Amino acid sequence: MKPYRINLMVCAGTGCVANHSFEIKKALEDEVKKRGLENEVQVVATGCNGFCAEGPLMVVQPEGIFYHQVTIKDIPHLVEEHFLKGRPVQKLMYVPPDAKAPIPKMSDISFFNRQMLIALRNRGLIDPEKIDEAIGRGAYSALAKVLTAMTPPEVVSLIKASGLRGRGGGGFPTGIKWETCRKAHGEPKYIICNADEGDPGAFMDRSIIEGDPHSVLEGMLIGAYAIGSHHGYIYIRQEYPLARERLTIAVQQAREYGLLGDNIFGTGFQFDIKVARGAGAFVCGESTALMASIEGRVGEPRAKYIHTVEHGLWNLPTCLNNVETWATVPEIILKGAEWFTSIGTGDVSKNPWGGSKGTKVFSLTGKVKNTGLVEVPMGITLREIIYDIGGGIPKGKQFKSVQTGGPSGGFLPASLLDLQVDYEQLTEAGSMMGSGGMVVMDEDNCMVDMAKYFLAFTQDESCGKCTPCREGTMRMLETLERITQGKGREEDIQLLEDLSQFVMDASLCALGGSAPNPVLTSLRYFREEYITHIRDKKCPAHVCRELNVYTIDPGLCVTKGHGCGVCRRQCPENAITGEKNVAHVVSQELCKKCGVCYDVCKFDAVKVA
Amino acid sequence: MVKVTIDGLEIEVEEETTILKAARQLGITIPALCYNELIEPYAVCRLCVVELQRGQRTRLVTACNYPLRESVVIRTNSERVQRLRRMNIELLMARAPGAKIIQDLAAEMGIERTRFPLEDSDEKCILCGLCVQACSDVVQAYALGFSERGSKRVIGPPYDTTPETCILCGACAYFCPTGHIKMTDTDGRILHSELTLGPNAAITLPFRQAIPNVPRVNPDYCIHMKTGGCELCVKVCQKEAINFTELAQDSFEEFEVGAVIMATGFQDFDPTPMKLYGYGVLPNVLTSDEFERMNNAASPTGGRIVMENGEEPRSIAILHCIGSRDEHYHKYCSRVCCMYELNFAHLVNVKTSAEVYQLYIDMRSFGKGYEEFYQRILDEGVNVIRGKGAEVVPAYQKRRGEGGLLVCCEDTLIGKYREIPVDMVVLCTALEARADAAEIGRKFNISTGADGWFIEAHPKLAPVSTTTEGIFLAGVCQGAKDIPDSVAQGAAAAAQVMKMFCQGELLMDGAYAEIVEDICSGCRICNGLCPYNAITYDIEKKVSAVNPAMCKACGTCVAACPSGAITGRHFTDEQIYAQIEGILA
């Protein structure tokens with residue numbers, strides 16, 4: 001590979017691509033050429049950098065200067081100042097919300113320097129479409145070590161000793177899964193990578209594949225060697241076009257390099273991967289439904305009493321792990337189990353369920369300043385993630401709750417901000433690790449409404465096979481809708497609790513088994529909000545519009561707005577009367593509570609109660 | 001074997017036995033809606049959820065498909081399980097308010113009403129999927145499936161069209177636990193909600209008291225024969241008696257035999273054309289065959305004599321000679337009717353308190369002990385009227401009688417026209433030759449008479465032989481007769497055959513046709529004319545030849561031979577001319 005004086009790492013993760021990062025890359029290349037710098041400066045499109053809130057992003061290597069919110073207009077100035085004259089452009093540097101001076105270096109920004117990268121080790125450092133760059137960063141060296149210096153049982157025991165647990169949500173010890181699958185009778189055996197990430201607002205797996213697909217392939221190869229498998233599938237949803245494309249390129253390149261196929265590294269080991277596309281049903285992320293989907297059947301889960309490690313895909317032994325799990329494996333092989341167990345909580349030396357080791361990737365979204373993708377060591381507190389990395393709540397609002405684990409995760413209140421993030425503690429608090437979604441909510445969020453929102457998602461995605469999930473979630477949603485519309489009844493809380501328990505206990509798969517979590521935790525930590533909705537017919541956060549009463553402050557309307565009449569003209573029900581310089585009045589009989597008046601008033605004269 | 005404890009009771013079962021099966025062995029009932037032991041458990045109704053305790057850890061599992069592999073403690077009726085079950089039923093009550101099985105379960109659990117708003121109040125489908133499983137896994141027709149998902153999920157044929165793969169087997173309706181699916185016999189192939197008759201069972205006994213009395217598979221209805229699937233009978237037959245791989249297909253077997261006994265029997269005369277008796281139009285007008293069937297202890301009524309409305313008749317008229325001794329139908333007497341009718345009257349007297357009227361032309365109680373039986377019937381108080389039943393009409397047409405029907409007749413003993421009100425009429429129909437008797441006769445070279453019965457060689461001297469050597473007659477195919485006569489004739493026919501075989505040689509008549517080879521031109525006219533197939537053509541010699549054993553000396557070929565090559569032995573031209581001359585002299 002040709003060396004360059006400067007490498008411009010332009011983020012080409014989905015978030016930045018949506019903000020025109022490909023156009024920026026093109027403009028940069030043109031500008032660099034125009035200035036005659038094409039032999040000195042290389043522009044690289046990398047995978048997701050993680051700091052999605054500030055995109056489009058660019059990192060100038062090797063010095064590590066971080067530019068954010070780059071636009072095409074900025075580029076001529078940037079190239080001239082920085083790459084020609086050597087003066088980094090202050091204007092494009094990141095300024096923390098509460099600071100005045102910009103932070104030039106990426107490594108000094110708290111969003112980045114509090115993170116610990118294992119699965120995302122090549123984040124923003126390589127072009128994911130070039131296998132040479134991945135190899136340059138050490139990809140496939142773990143595979144070489146495994147194939148040449150380790151026996152399959154040694155690999156399995158190393159993974160067992162590392163305490164690695166499934167990152168897809170269940171947290172099943174990976175080593176034990178491999179060992180059972182290795183011992184299972186039946187040939188051939190299958191390796192599956194579950195890339196059917198369906199949680200709203202979660203993009204961990206997507207970013208790993210988009211940024212470093214070879215880490216996943218290498219992990220699968222190691223797993224295949226350990227288990228004795230020669231056939232692999234990556235199940236990825238069709239809605240991830242960029243990830244799918246980069247994955248297909250990576251598989252192709254690995255095949256060309258002899259890293260997939262027959263006689264890998266001349267050891268006689270043989271393994272190949274097929275990319276299977278999913279149609280985007282949430283339930284297909286469930287392992288048995290996923291296998292049914294690969295087989296060409298309807299993606300519906302089946303009973304768990306027959307384990308997939310023994311009777312999985314095509315009824316043969318199958319080892320399924322999530323993208324993040326596979327991506328973590330090579331690092332463990334290279335650095336050893338001891339290194340991995342030194343990170344995280346608990347003790348896994350005796351009981352594989354005894355602790356949470358390594359790191360976890362979270363997609364931090366919602367009411368937090370620095371939304372984006374973060375990888376943190378297990379055991380970090382929620383407060384550290386939200387405040388230190390996430391930068392806290394924007395607009396000076398009050399933190400209210402955080403949901404972990406995707407749409408079926410629970411809501412944790414402020415009192416649990418110092419909770420250590422690991423499998424056990426999250427479950428104990430009524431939430432879960434899940435695949436790593438993390439949604440932050442502030443005082444403007446109504447917890448009943450949030451519970452309704454997430455339940456609406458799981459209810460809509462329920463496959464309908466078993467009674468509890470099909471009927472139960474529908475009735476729960478019905479009840480929540482009733483409450484948010486002000487038609488709630490006293491007994492509804494009890495009904496919700498009964499239904500939640502039933503759906504959790506009796507459902508066929510984990511979709512139903514975890515769907516009531518948002519309802520149960522909101523009832524556990526924010527019960528008074530429900531009571532206010534039901535008894536007082538009020539929504540404290542003013543989110544449930546049907547419970548709101550809109551009035552106009554006559555003083556403000558006249559003194560500040562001079563009876564501007566915007567609200568009167570916008571009101572679709574003609575419920576507002578008034579004239580210029582006269583205080584406007586909302587007729588409560590006519591008001592349909594759409595909230596347009598509140599939204600349009602520039603003088604804060606419209607009040608909600 | 002594993003030892004498990006279910007509700008405090010211990011049981012040892014084979015490994016991989018499901019909890020549900022183990023519980024049933026103990027007599028513990030676990031409610032399950034989507035479970036049928038003939039179908040792989042789908043485990044979706046979740047009603048069979050039970051508590052399973054292993055060590056300190058307790059969890060909930062579905063009993064229908066959880067395989068027992070180790071010693072565990074199971075509670076099928078704990079408070080937690082009950083709570084789940086009640087909620088489940090409440091939800092299903094709202095989903096399918098029309099399903100009786102759900103209402104029954106709710107009543108059993110003491111749930112009066114559901115807390116959820118009802119969907120369509122006639123809805124019965126609980127989406128248990130048994131029909132889909134049955135159609136795909138058992139029948140392998142794949143005509144039913146799920147569509148949509150979540151709470152919108154519905155069951156139906158693909159794209160809601162008439163599925164071409166549906167074989168109308170009705171398996172879906174059979175397995176449906178709530179009665180949501182019913183069969184329709186219109187041309188509609190599926191099966192939703194409309195009530196009509198079900199399909200025929202593929203496995204039945206051929207008929208009552210069949211020998212051997214074992215079930216048979218009817219290929220017209222058997223699902224396996226249509227789709228290759230199903231084979232449920234193989235699964236449930238503990239004796240492993242059903243084997244589709246070695247199943248004999250219908251085939252024609254050929255036997256070479258030295259003699260044939262014709263015992264093809266008769267058919268019942270159909271009284272429908274005799275409009276005066278109202279058969280097939282009026283209720284409670286039966287043929288003797290139908291009445292006999294009803295009397296049978298194995299009949300649908302269990303041998304009880306009842307009318308269409310299920311009530312016992314108060315009076316029955318038995319009409320003799322329907323189709324027999326009748327200028328318009330059969331002139332002959334069917335011989336058996338008088339006696340079985342008397343028997344009917346006796347049975348009615350024994351089983352019911354109904355008044356019986358016998359309407360006869362002549363009472364023919366000719367056999368041994370028959371007349372005594374007639375006397376006994378008279379003593380029992382049966383009304384015997386000499387005069388053939390002329391007409392059967394609904395009672396309201398003539399006058400308001402006590403029964404639903406009126407039988408009109410002329411009582412020739414008192415010389416008066418009578419109308420007898422009855423609840424039921426039995427028409428004693430004639431025995432008649434089978435419709436295909438003439439065709440069978442042609443095949444065996446035996447002839448039928450004007451009345452359709454096969455003709456014996458001689459009514460007195462050879463009553464079981466036919467004009468064709470080696471073909472014998474037995475039973476009603478030769479003429480109406482009762483059981484003792486049929487048995488006697490059968491034995492006689494068998495004896496004739498035995499006689500033939502025992503001798504080892506056939507005694508034949510001296511008269512038969514002969515072909516003079518030198519004169520025969522080989523035209524083969526005689527070949528086709530011979531009614532006994534006795535003439536064959538010898539290809540090598542290019543002449544025809546008569547088989548003397550088959551020739552009956554009818555003389556047809558002699559008269560037909562254009563070359564005059566055939567002569568009848570003992571009936572040569574010279575002999576016949578000599579006889580003529582002798583007569584004329």
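Within every chain, numbering begins at 1; the chains are lettered A, B, ... in the order of the sequence lines, protein sequences first and strands thereafter. Because the structure is predicted, anything quoted here is derived from the model rather than measured.
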Checklist entry - Which bit of A:S507 is near chain B, if near means a heavy-atom gap under 4.5 Å: side chain, backbone, both or neither? => result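 For A:S507, the backbone is the part near chain B, not the side chain.
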Which atom of [X] lies closest to which atom of [Y], heavy atoms considered:
X      : Y      : answer
B:R95  : A:E471 : NE-OE2, 2.6 Å
A:A506 : B:R46  : O-NE, 2.6 Å
A:G464 : B:R153 : O-CD, 3.0 Å

Checklist entry - With sequence neighbours left out, what residues match A:T521 under side chain to side chain contact (heavy atoms under 4.5 Å, CB included)? => result A:F411, A:Y525
Checklist entry - Around atom CD of B:E70, are there more than 12 heavy atoms of other residues, nucleotides or ligands at under 6.0 Å? => result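 Count over threshold, so yes.
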Item to check | Flag side-chain contact, heavy atom, 4.5 Å: B:P117 against A:E478 | outcome: yes
Checklist outcome for this item: By ring-ring contact (aromatic ring centres under 6.0 Å, His included), A:Y235 pairs with (sequence neighbours left out) none
Item to check | Pair B:R149 + A:E300: basic N to acidic O under 4.0 Å | outcome: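 No, no charged N to carboxylate O under 4.0 Å.
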Checklist entry - Is there any salt bridge (charged side-chain N to carboxylate O under 4.0 Å, His left out) pair reaching into residues 494-506 of chain A, and which pairs are they, with sequence neighbours excluded? => result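 For residues 494-506 of chain A, and leaving out neighbouring residues, the salt bridge (charged side-chain N to carboxylate O under 4.0 Å, His left out) pairs sorted by first residue read A:E497-A:R527, A:D498-B:R115, A:D505-B:R80.
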Checklist outcome for this item: Given A:V298, A:L499, A:V283, the one with more heavy-atom pairs under 4.5 angstrom with chain B than any other is A:L499
Checklist entry - Which of residues 21-38 of chain B have a heavy atom under 4.5 Å from any heavy atom of chain A? => result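 Contacts with chain A: none.
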Item to check | Verdict with reasoning, A:K465 to B:Y42, per side chain to side chain contact (heavy atoms under 4.5 Å, CB included) | outcome: CA-CA 9 Å; A:K465 186 171 173 176; B:Y42 196 44; 3.4 Å; yes
